[in-house]
Amino acid sequence: MSESQTRKQFVEDLTDQSDDFSRWYNEVVRKAQLADYSPVRGSMVIRPYGYGLWENMQRLLDRRIKETGHQNAYFPLLIPESLLQLEADHVEGFAPECAWVTEGGREKLEERFAIRPTSEAIIGHMYSRWIESYRDLPVLINQWANVMRWEKVTRLFLRTSEFLWQEGHTAHATQAEAREEVLRMLEVYRDFVENELAIPVYAGQKSDAERFAGAQDTFTIEALMKDGKALQAGTSHDLGQHFAKVFDITYQDESGQRQHVWQTSWGVSTRLIGALVMTHGDDQGLRLPPQVAPIQAVVVPIWRKAEDRSAVTEFVAKLRETLAGKVRLHVDDRDQHSPGWKYNEYEMRGVPVRLEVGPKDVAQQAIMSVRRDTRGKESIPLASIAERLPALLSEVQASLLQQARDFRDAQTVLLDSKEAVIAHFNEGKRGFAAVAWDGSAAFEAEIKEKAGATLRCMPSDLSRFGSLVRPESRVALFARAY
RNA sequence: CGGGGCGUAGCGCAGCCUGGUAGCGCACCUGGUUCGGGACCAGGGGGUCGGAGGUUCAAAUCCUCUCGCCCCGACCA
């Protein structure tokens, strides 16, 4: 039997990515205890390890949202149908996936409530009451919330009926200021996703066919998963004055004229956890970027004899003290599992660095570190671990981003025609295909129809697409997508 | 929503064709020995076979309906 066949005997073993990527994904999400299925169809339970990831993401993104002048607030879960219906495109976009509350207590409601699929309507309604003067602008509010969309086909983190996200909703005096906000937040997302999640993205604008229901323009960051499919990782919408007009959000300008505000909305969701899994994971399991990993380093104590045990325990206590407040550390001193078992377990769960402490290490007053991304080993003296380990974690973070970027770049091709794009995807190739696009809906629709690839975005950074740049067309990235 | 597949112990599966009172591996519990890449021995606990109805002396097994999940397509963060 080969090694891989032998390994299959273990419960915690995973399907190889190359055998069945979807299956690998489902297994790793559940076995690493990120999430589990719930008794509610299409809904999942986010387990502590997965929620810890989300909390770290929240903290890092929330900081950026506040640094750009926004405040958090909370709007209600239930949205009156009458409010939702005010904006035709919007309600058209969400109608098929709304869940409705029709009863309260034992009485049927006169007007049913939608469980929010997003909050433009309720927030627009409130803004119309809050905004009177140009002095009230801009309004820069974000909320962290759950939303619900009645999805027919669900997948853990990628598409569930209920999911967690943040949604920013802003109102501005001028179109230019709103557009500036849209692009500012897109850049915040790009920076957050690349630097904290180590996921490289193409930032750009959506086509009319792909933009958000009710938006004037939608901007997006698009990531590439290891199976070659693209994933929309965040969106930022220029809402123009559509919602301002239907919700009557107006202000008096300096000359006393009544004007409609210009609005934006932008969001990222727990889908980013799915992106993280599929960007970095390998056949052994997750590989988490240290910046968001719930456990940055796991300590595995090793002993043979009773006297080893006390020496090791003592050493581990010192190690713990040295690293307190510097690294998110977990010591696994459980007796029921061997060190080897623990190595496999924490590799599967993606812990960036493992610290092995056995009698040999105690004798040398050092710790054997093993990084998850390359399995590179390095013995670090206790005296320098407080400096070296954070540096090592930074190296892992940088390395994951670099690996993902190399993959994404290698999977991005420049093609010279619609036909070439169709042929590319129909040959079974994946990744991003860049092409000069005449802007016609027919061009886009034909590729979608014949090759199953959609226009992911028109990238704003054209530095690597120079040969496709023409005055009469725009550069468009096509991909098979989640 | 269309096509395909699967529901038997916590997980992975066998048993179903050819009905006869449910089994294997891992996990779990107890005791002991172990521990530097998934330890071993001994003992033990756990299942209305997804659900409902039917056929039969007898149903995990045959029939009907139903629910759920997975994969591939159409729609979406």
Side-chain angles (χ1 to χ4, degrees), chain A residues 3 6-15 20-27 30-31 36-42 44 93-97 117-118 146-167 189 206 209-213 218 220-223 230-237 265-275 284 300-306 308-309 312 332-348 354-363 367-368 370 375 377 379 448-449 452 454 480-482:
Chain A
E3 200 216 357
T6 308
R7 291 176 54 85
K8 289 299 173 208
Q9 294 172 16
F10 297 101
V11 178
E12 300 302 335
D13 270 340
L14 300 167
T15 299
D20 186 340
F21 193 80
S22 292
R23 191 165 172 182
W24 169 85
Y25 177 79
N26 280 314
E27 287 179 358
R30 281 196 287 169
K31 289 179 177 172
D36 201 358
Y37 295 112
S38 81
V40 181
R41 189 183 170 280
M44 66 175 171
F94 283 105
E97 45 193 41
T118 179
N146 56 342
V147 288
M148 172 160 280
R149 299 179 187 178
W150 210 257
E151 299 287 352
K152 288 168 188 155
V153 180
T154 59
R155 299 196 60 191
L156 294 170
F157 290 115
L158 300 178
R159 187 176 304 114
T160 48
S161 295
E162 181 184 358
F163 58 93
L164 305 182
W165 75 351
Q166 58 69 219
E167 47 180 326
Y189 286 158
K206 285 289 190 189
E210 298 284 332
R211 70 164 199 270
F212 172 69
T218 289
T220 179
I221 50 173
E222 297 284 328
L231 183 79
Q232 181 172 303
T235 50
S236 184
H237 310 292
S265 71
W266 26 272
V268 299
S269 72
T270 38
R271 178 181 245 200
L272 286 176
I273 295 174
Q284 274 65 52
V300 178
I302 300 152
W303 46 71
R304 288 177 184 282
K305 295 167 291 203
D308 289 341
R309 183 173 185 146
V312 166
D332 187 348
D333 54 6
R334 290 178 299 172
D335 260 339
Q336 65 265 40
H337 294 297
S338 67
W341 188 92
K342 292 175 185 175
Y343 298 168
N344 286 285
E345 176 73 4
Y346 290 101
E347 281 178 10
M348 201 252 309
R354 174 172 81 240
L355 300 175
E356 305 175 5
V357 179
K360 294 178 208 164
D361 306 289
V362 175
I367 297 103
M368 183 57 75
V370 184
R375 287 202 181 179
K377 288 194 173 188
S379 180
K448 185 170 176 176
E449 161 119 10
T454 48
R480 290 272 181 96
Y482 275 97

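Heavy atoms only: backbone and side chains are in, while hydrogens, waters and symmetry mates are out. Order of the sequence lines fixes the chain letters, A, B, ..., with proteins taken first and strands second; residue numbering starts at 1 for each chain. Being a predicted model, the structure only gives us computed values, none of them experimental.
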To the nearest Å, give me how far apart [atom1] ([X]) and [atom2] ([N]) are.
| X | N | atom1 | atom2 | answer |
| --- | --- | --- | --- | --- |
| D335(A) | G32(B) | CG | P | 12 Å |
| E27(A) | G10(B) | CD | P | 19 Å |
| D361(A) | G36(B) | CG | P | 13 Å |
| Q336(A) | C40(B) | CD | P | 16 Å |
| H337(A) | G36(B) | NE2 | P | 14 Å |
| E345(A) | C35(B) | CD | C1' | 17 Å |
| L14(A) | G38(B) | CG | C1' | 13 Å |
| W341(A) | C28(B) | CH2 | C1' | 13 Å |

task = Tell me yes or no: between the side chains of S161(A) and E151(A), is some donor less than 3.5 Å from an acceptor?
result = no
key: Under 3.5 Å: donor-acceptor pair, side chain of E167(A), backbone of S265(A)   = no
Under 4.0 angstrom, heavy atoms only, what part of the nucleic acid is [X] near: base, sugar-phosphate, or nothing?
| X | answer |
| --- | --- |
| G358(A) | base |
| P301(A) | nothing |
| K360(A) | base |
| E449(A) | nothing |

note = Per nearest nucleotide of RNA chain B, the residue lying toward the 5' end, K305(A) or S338(A), is K305(A)
For [N] and [M], measure between their [atom1] atoms and round to the nearest Å.
| N | M | atom1 | value |
| --- | --- | --- | --- |
| A27(B) | U56(B) | P | 46 Å |
| G47(B) | A60(B) | C1' | 11 Å |
| G19(B) | G73(B) | P | 41 Å |
| C24(B) | A59(B) | C1' | 23 Å |
| C49(B) | U21(B) | P | 15 Å |
| G44(B) | G23(B) | P | 15 Å |
| A52(B) | G12(B) | P | 23 Å |
| U8(B) | G2(B) | P | 25 Å |

Exercise: identify the closest heavy-atom pair between [X] and [Y]:
| X | Y | result |
| --- | --- | --- |
| Y25(A) | G274(A) | OH-CA, 3.4 Å |
| D361(A) | I367(A) | OD1-C, 4.3 Å |
| V312(A) | I302(A) | CG2-O, 3.3 Å |

query = What's the spacing between L355(A) CG and M368(A) CE if we round to 0.5 Å?
reply = 11.0 Å
query = Roughly how far, to the nearest 0.5 Å, is CG of N146(A) from CD of E162(A)?
reply = 4.5 Å
Kindly give the atom pairs (protein nitrogen or oxygen, nucleotide nitrogen or oxygen) under 3.5 Å for nucleotides 75-77 of chain B.
unit_1: C75(B); atom_1: OP1; unit_2: K448(A); atom_2: NZ; d: 3.2
unit_1: C76(B); atom_1: O2; unit_2: R159(A); atom_2: NE; d: 2.6
unit_1: C76(B); atom_1: O2; unit_2: R159(A); atom_2: NH2; d: 3.3
unit_1: C76(B); atom_1: N3; unit_2: R159(A); atom_2: NE; d: 3.3
unit_1: C76(B); atom_1: N3; unit_2: R159(A); atom_2: NH2; d: 2.4
unit_1: C76(B); atom_1: N4; unit_2: R159(A); atom_2: NH2; d: 3.3
unit_1: C76(B); atom_1: N4; unit_2: Y482(A); atom_2: O; d: 3.0
unit_1: A77(B); atom_1: O3'; unit_2: Q232(A); atom_2: NE2; d: 2.5
unit_1: A77(B); atom_1: O3'; unit_2: R271(A); atom_2: NH1; d: 3.4
unit_1: A77(B); atom_1: O2'; unit_2: Q232(A); atom_2: O; d: 3.3
unit_1: A77(B); atom_1: O2'; unit_2: R271(A); atom_2: NH1; d: 2.8
unit_1: A77(B); atom_1: N6; unit_2: T160(A); atom_2: N; d: 3.2
unit_1: A77(B); atom_1: N6; unit_2: T160(A); atom_2: O; d: 2.6
unit_1: A77(B); atom_1: N3; unit_2: S269(A); atom_2: OG; d: 3.1

Pairing check on [N]: which nucleotide meets the Watson-Crick or G-U wobble criteria with it, both distances under 3.5 Å?
| N | value |
| --- | --- |
| G37(B) | none |
| U18(B) | none |
| G2(B) | C72(B) |
| G12(B) | C24(B) |
| G7(B) | C67(B) |
| G45(B) | none |

request  = Over 60° means perpendicular and under 30° means parallel, so classify the ring planes of H337(A) and W341(A), tilted if in between.
outcome  = parallel
query = Between W266(A) and Y189(A), how do the two ring planes meet: parallel, tilted or perpendicular, split at 30° and 60°?
reply = perpendicular
query = More than 12 heavy atoms of other residues, nucleotides or ligands under 6.0 Å from CH2 of W165(A): is that the case?
reply = yes
Report, one pair per line, the protein and nucleotides 67-73 of chain B atoms (nitrogen or oxygen only) whose separation is under 3.5 Å.
unit_1: C70(B); atom_1: OP1; unit_2: Y37(A); atom_2: OH; d: 3.0
unit_1: C70(B); atom_1: O3'; unit_2: N26(A); atom_2: ND2; d: 3.4
unit_1: C71(B); atom_1: OP1; unit_2: N26(A); atom_2: ND2; d: 3.0
unit_1: C72(B); atom_1: OP1; unit_2: S22(A); atom_2: OG; d: 3.3

query = Taking it one step at a time, do E222(A) and K206(A) satisfy salt bridge (Lys or Arg N to Asp or Glu O under 4.0 Å)?
reply = CA-CA 10 Å; E222(A) 297 284 328; K206(A) 285 289 190 189; 2.8 Å; yes
ask   = Do NZ/NE/NH1/NH2 and the carboxylate oxygens of E347(A) and R354(A) come within less than 4.0 Å?
value = yes
inquiry  = Is it the case that G38(B) (base atoms only) and E347(A) (side chain only) share a donor and an acceptor within less than 3.5 Å, ignoring hydrogens and angles?
reply    = no
